[in-house]
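To keep things clear, I will list the structure first and then write my remarks on it.
Residue numbers start from 1 in every chain, and the chains themselves are labelled A, B, ... in the order their sequence lines are given, proteins ahead of strands. The basis for the numbers below is simple: all heavy atoms, side chains too, and nothing from hydrogens, waters or symmetry mates.
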Amino acid sequence: MHWASTFAERIIAERGEKKEYVCESGVTPSGFCHIGHFREAITTSLVALALKDMGYNSRHIHMWDDYDRFRKVPSNVPANYSEYIGLPDYKVPDPEGCHNSFADHFMEPFEVSLSEAGMKPDFLRASDQYKNGIYRDNIKISLDKKEKLIELLNSQRGGEKIAADWYPVSVYCPKCGKDMTRITSFDGEYSLSYSCKCGFQETADIRKANYIKLKWRVDWPSRWAQLGVDYEPYGKDHGTQGGSADTGQKIIQEIFNKPPIIGATYEFVSLKGASGKMSSSKGNVVLPSDILSVMEPDVLRYLFVKTKPTKELKIALDLDFLNVYDEFDRVETTYFGDEEINKREKYDKLYEFSNIWGYNTLPAQPSFRFMAVLVQITSDVDRIIKILKKEGHIKSELSETDVERIKTRARLAANWVKLYAPDMIKFELLTEPPKIELSMEQKEALKVISDLIQGEDLTDVELHNRIYEIATGIPIEPKILFGAIYQVLIGKESGPKAAAFINALEKDFVVERFRSY
RNA sequence: GGGCUCGUAGCUCAGUCUGGCUAGAGCACCGGCCUUUUAAGCCGGGAGUCGGGGGUUCAAAUCCCCUCGAGCCCGCCA
């Protein structure tokens, strides 16, 4: 059974039958939302999908923690932003001025990527929720049970204990907007007194003040309780024992009197070859949009669908990238093919959970590997399609979706070659014959090949075989002959599989080039 | 110090929850396919003490205990 379905079963079993199950993901938009945050969202989305797959209603909510305080200035932001420290993220201005706020600046591109990857969660903002007073009751409860909270949190804490004058809430000063406030007393009813560094002080009525926020450890379970969250995954930094997920589960039960949620720890995501945790300050963040610029969204989904959350996921952008694509195509073929039942069942959810286009027949599968060659020959999609047909990669009748996919892959392959392909597979067709000296045998062989291809159309295999025959006839070492072919075409000692490569090129161009020596 | 995850073929991993036929896949490798496939061929093949030890069981990669190794997390960074 697929891991997402296993979670779905557990949710139903432990939380009971419900009209609708709520699966939550959440991110603090205090910097770029990277591919690790993407895992948070897609892990949630897939479990919600698995619930639907089993015939239940589910909702994926994504919480933007834009009410968290602006804690430190990220490295890519002007240093004078230190003046905003203490404000909630949604009130900090966008350093580039293109969005309403600092938070929006990072939220918007992430939402776009989620959408491209087939996810449409309900996006909620913590700032809105607090402003609307959704957590007012929980604030009251938390203040009333302050001693119990301190006791509970202290029992989980190794080092320094929480002091008795601790409060489970912080106050964003209504005058300066920052949380540089110190709570001085709570009367046990509704009056909370505090003073701010800016000089402002008051006794606020917690039934009316909409600038009081629960502290993180309490905020999280409060939200679970309030929104009826059934499931939420979290990164392993939160999942550690005594961590916020752990104390959250205790708090929701002992303070808010609700059952624990189904939690799940997931491993980190990184680029193959990279090490360490991603962080914007280290400058090693990989954004979902980075991956989506070279990989189709269903293939990206496939990576997360097939990798259990507890497994570290290393995304390869080097040559292994091509293998992932091949693998995806195989899974797709198997899904639509008449393979033996067993194998199909195994692959079914893998593909179903990845496929966001709703394909119901096998779409065209232009090999990404070959596309990486073609896009270096031409940027003309029609010509690429012509070559793909001629080379037998795709059938002659194409649907609109087939053409769309080919266009997409061509665009992505071009990006991949430009951004990530190793030098070995990069080449450039030489517009003029390079000034090089070839041996008599090489010249002769090129001439014979040019005569051959001018005379008739050969398949890759035929041409390939003939090249070897020619080499034997001259005679010339195949290796030396291939060297000549690549040298005169792309100025390198090696290149794409010769026969398919030659067949993909304009015939006249090749003939003329081979004869110019 | 506390905790989590992982350790299965050369490499990347399935399989472990619900113990059961000769432990699988992809890649790599080797061999053959017309003396021949540089970055899309085809067919076949070898290969694993399932980290180690002990226990439970008719039966263990799978469950329990111990142990070794690797990686990672630990007061609002997924």
Side-chain angles (χ1 to χ4, degrees), chain A residues 1 3 6 9-10 25-28 30-41 43 65 68-69 71-72 74 153 156-162 170 215-217 219-220 233-244 246-247 265-270 272 275-282 285 306-312 314 316 319-320 322-324 326-327 329-330 343 346 366-373 388 391-393 421-422 424-427 459-461 463-469 471-472 475 478-479 481-483 485-486 492-501:
Chain A
M1 190 188 307
W3 60 262
T6 306
E9 274 195 346
R10 241 190 85 196
S25 54
V27 171
T28 304
S30 57
F32 284 110
C33 299
H34 49 65
I35 194 71
H37 298 108
F38 185 84
R39 188 173 217 177
E40 164 96 14
T43 302
D65 278 308
D68 287 8
R69 85 189 292 251
R71 293 168 49 239
K72 62 174 182 188
L153 288 171
Q156 295 296 320
R157 214 166 240 241
E160 208 179 314
K161 300 295 181 189
I162 297 171
S170 52
K215 285 187 175 163
W216 164 241
R217 292 239 173 194
D219 180 44
W220 205 11
Y234 30 81
K236 61 173 168 182
D237 44 352
H238 291 305
T240 194
Q241 203 210 31
S244 49
D246 199 24
T247 54
T265 304
Y266 59 87
E267 258 285 356
F268 286 165
V269 185
S270 61
K272 182 190 165 197
S275 67
K277 197 169 170 175
M278 263 186 255
S279 74
S280 10
S281 56
K282 284 184 200 154
V285 287
K306 80 159 190 163
T307 311
K308 282 190 289 204
T310 51
K311 276 285 209 194
E312 192 179 351
K314 287 183 180 289
L319 272 184
D320 269 350
L322 303 175
N323 292 334
V324 169
D326 287 347
E327 184 181 320
D329 284 350
R330 265 199 308 277
K343 210 172 172 185
K346 188 176 161 191
S367 145
F368 199 92
R369 201 179 288 274
F370 190 50
M371 290 294 258
V373 173
L388 287 169
E391 296 290 298
H393 278 266
M424 182 188 108
I425 78 158
K426 287 190 192 175
F427 66 84
T459 66
D460 293 352
V461 178
L463 177 57
H464 173 84
N465 290 339
R466 297 295 288 274
I467 291 174
Y468 274 91
E469 282 170 19
T472 313
K479 188 181 157 83
L481 170 52
F482 281 111
I485 293 173
Y486 297 122
K492 294 175 73 173
E493 267 304 308
S494 60
K497 290 268 187 194
F501 186 43

Note to self: Suppose you measure atom P in B:C58 against the same atom in B:C43; what distance do you get, rounded to whole Å?
What the structure shows: 46 Å
Notebook entry, point to check: Atom CH2 of A:Trp220 and atom C1' of B:A78: how far apart are they, to the nearest Å?
Noted result: 10 Å
Check: Looking across every strand, which nucleic acid part, if any, lies under 4.0 Å from A:Phe38 by heavy atom: base, sugar-phosphate, or nothing?
Finding: nothing
Item checked: Spacing of A:Ile35 atom CD1 relative to B:C77 atom C1', expressed in whole Å -> 17 Å
Notebook entry, point to check: Taking the side chain of A:Ile425 as heavy atoms from C-beta outward, which of B:C77, B:C73, B:A39 is closest to it?
Noted result: B:A39
Check: How far, in whole Å, is B:G15 from B:A25 if one measures between their P atoms?
Finding: 15 Å
Next item on the list: Quick one: label A:Tyr234 by what it contacts on the DNA or RNA (base, sugar-phosphate, nothing), any heavy atom closer than 4.0 Å.
Entry: sugar-phosphate
Margin query: Whole angstroms only, please: what is the CD-P distance between A:Glu493 and B:A39?
Written below: 14 Å
Notebook entry, point to check: Looking across every strand, which nucleic acid part, if any, lies under 4.0 Å from A:Arg369 by heavy atom: base, sugar-phosphate, or nothing?
Noted result: sugar-phosphate
Item checked: P atoms of B:A61 and B:A9, separation to the nearest Å -> 14 Å
Margin query: Counting the atoms with a prime plus P, OP1 and OP2 as sugar-phosphate, which does A:Asn465 contact under 4.0 Å by heavy atoms, base, sugar-phosphate, or nothing?
Written below: base
Note to self: Can you tell me which nucleotide in B:A39, B:G71, B:C17 comes closest to the side chain of A:Pro496?
What the structure shows: B:A39
Item checked: Integer angstrom distance from the C1' of B:U5 to that of B:C13 -> 15 Å
Output one line per pair: protein atom, nucleotide atom from nucleotides 6-8 of chain B, and distance, for all N/O pairs under 3.5 Å.
none

Item checked: Value in whole Å for how far the C1' atom of B:C27 lies from CG of A:Asp326 -> 10 Å
Next item on the list: Please identify each residue that fulfils ring pair (Phe, Tyr, Trp, His ring centres under 6.0 Å) with A:Tyr266, with sequence neighbours left out.
Entry: none
Margin query: Using the side-chain heavy atoms of A:Tyr266, tell me which of these nucleotides is nearest: B:A78, B:C34, B:C76.
Written below: B:A78
Note to self: Taking the minimum atom-to-atom distance to the side chain of A:His238, which one of B:U36, B:A39, B:A78 wins?
What the structure shows: B:A78
Next item on the list: For A:Gly26, report the nucleic acid contact type (base, sugar-phosphate, nothing); a contact means any heavy atom under 4.0 Å.
Entry: nothing
Note to self: Need one value for A:His393: base, sugar-phosphate or nothing, where a base atom within 4.0 Å counts as base even if backbone is also close, heavy atoms only.
What the structure shows: base
Checklist line | Residues in side-chain contact (heavy atoms from CB on, under 4.5 Å) contact with A:Lys479, at least two apart in sequence or another chain | finding: none
Check: Across all strands shown, which nucleotide pairs with B:C27 by Watson-Crick or G-U wobble geometry, both distances under 3.5 Å?
Finding: B:G10
Checklist line | Expected output: side-chain A:Thr43 to main-chain A:Glu40 donor-acceptor under 3.5 Å | finding: no
Item checked: Interatomic distance at P, B:C21 relative to B:G3, whole Å -> 36 Å
Next item on the list: Select base, sugar-phosphate, or nothing to describe what A:Asn323 touches, counting heavy atoms under 4.0 Å on all strands.
Entry: nothing
Notebook entry, point to check: At their closest point, which heavy atom of A:Phe38 faces which heavy atom of A:Ile35, and how far apart are they?
Noted result: CB-O, 3.1 Å
Item checked: First encountered from the 5' end of RNA chain B, between A:Thr265 and A:Tyr468 -> A:Thr265
Next item on the list: Please indicate yes or no: is the ring centre of A:His464 less than 5.5 Å from the centre of the six-membered base ring of B:U37, with the two planes inclined by under 30 degrees?
Entry: yes
Margin query: When the C1' atoms of B:U8 and B:U62 are compared, how many Å lie between them, rounded to an integer?
Written below: 12 Å
Notebook entry, point to check: Sequence neighbours excluded, which residues qualify as side-chain contact (heavy atoms from CB on, under 4.5 Å) partners of A:Asp329?
Noted result: A:Glu332, A:Gln365, A:Arg409
Next item on the list: Figure out the CG/P separation between A:Asp246 and B:G2, and round it to whole Å.
Entry: 16 Å
Item checked: Nucleotide paired to B:C72 in any strand shown, Watson-Crick or G-U, under 3.5 Å -> B:G3
Notebook entry, point to check: By side-chain contact (heavy atoms from CB on, under 4.5 Å), which residues pair with A:Glu469, not counting sequence neighbours?
Noted result: A:Arg466
Next item on the list: Just compare B:C74, B:C76, B:C17 and give me whichever is closest to any side-chain atom of A:Asp237.
Entry: B:C74
Check: Are A:Asn323 and A:Arg369 close enough that some pair of their side-chain heavy atoms sits under 4.5 Å apart?
Finding: yes
Check: Considering only the C1' atoms, how many Å lie between B:G31 and B:A47, rounded to the nearest integer?
Finding: 14 Å
Next item on the list: Could you label the plane-to-plane angle of the A:His34 and A:His37 rings as parallel, tilted or perpendicular, counting under 30° as parallel and over 60° as perpendicular?
Entry: tilted
Checklist line | 5′-ward residue of the pair A:Met424/A:Thr6 relative to RNA chain B | finding: A:Thr6
Next item on the list: Send over the distance from A:Phe268 CZ to B:C77 P, rounded to a whole Å.
Entry: 10 Å
Check: Roughly how many Å is it from CD in A:Glu312 to P in B:C4, rounded to a whole number?
Finding: 18 Å
Notebook entry, point to check: So, is A:Arg217 close to the B:C76 phosphate, meaning a side-chain N or O under 4.0 Å from OP1 or OP2?
Noted result: yes
Notebook entry, point to check: Which atom pair, heavy atoms only, marks the closest approach of A:Pro496 to A:Tyr486?
Noted result: O-OH, 2.6 Å
Checklist line | Base partner of B:G46, which must satisfy Watson-Crick or wobble distances under 3.5 Å | finding: none
Item checked: Whole-Å C1' distance, B:G54 and B:A60 -> 13 Å
Next item on the list: With sequence neighbours left out, write down each residue that passes side-chain contact (heavy atoms from CB on, under 4.5 Å) with A:His393, or none if nothing qualifies.
Entry: A:Ser367, A:Phe370, A:Leu388, A:Glu391
Next item on the list: Starting from P on B:C17, measure out to CZ on A:Arg10 and report it in whole angstrom.
Entry: 16 Å
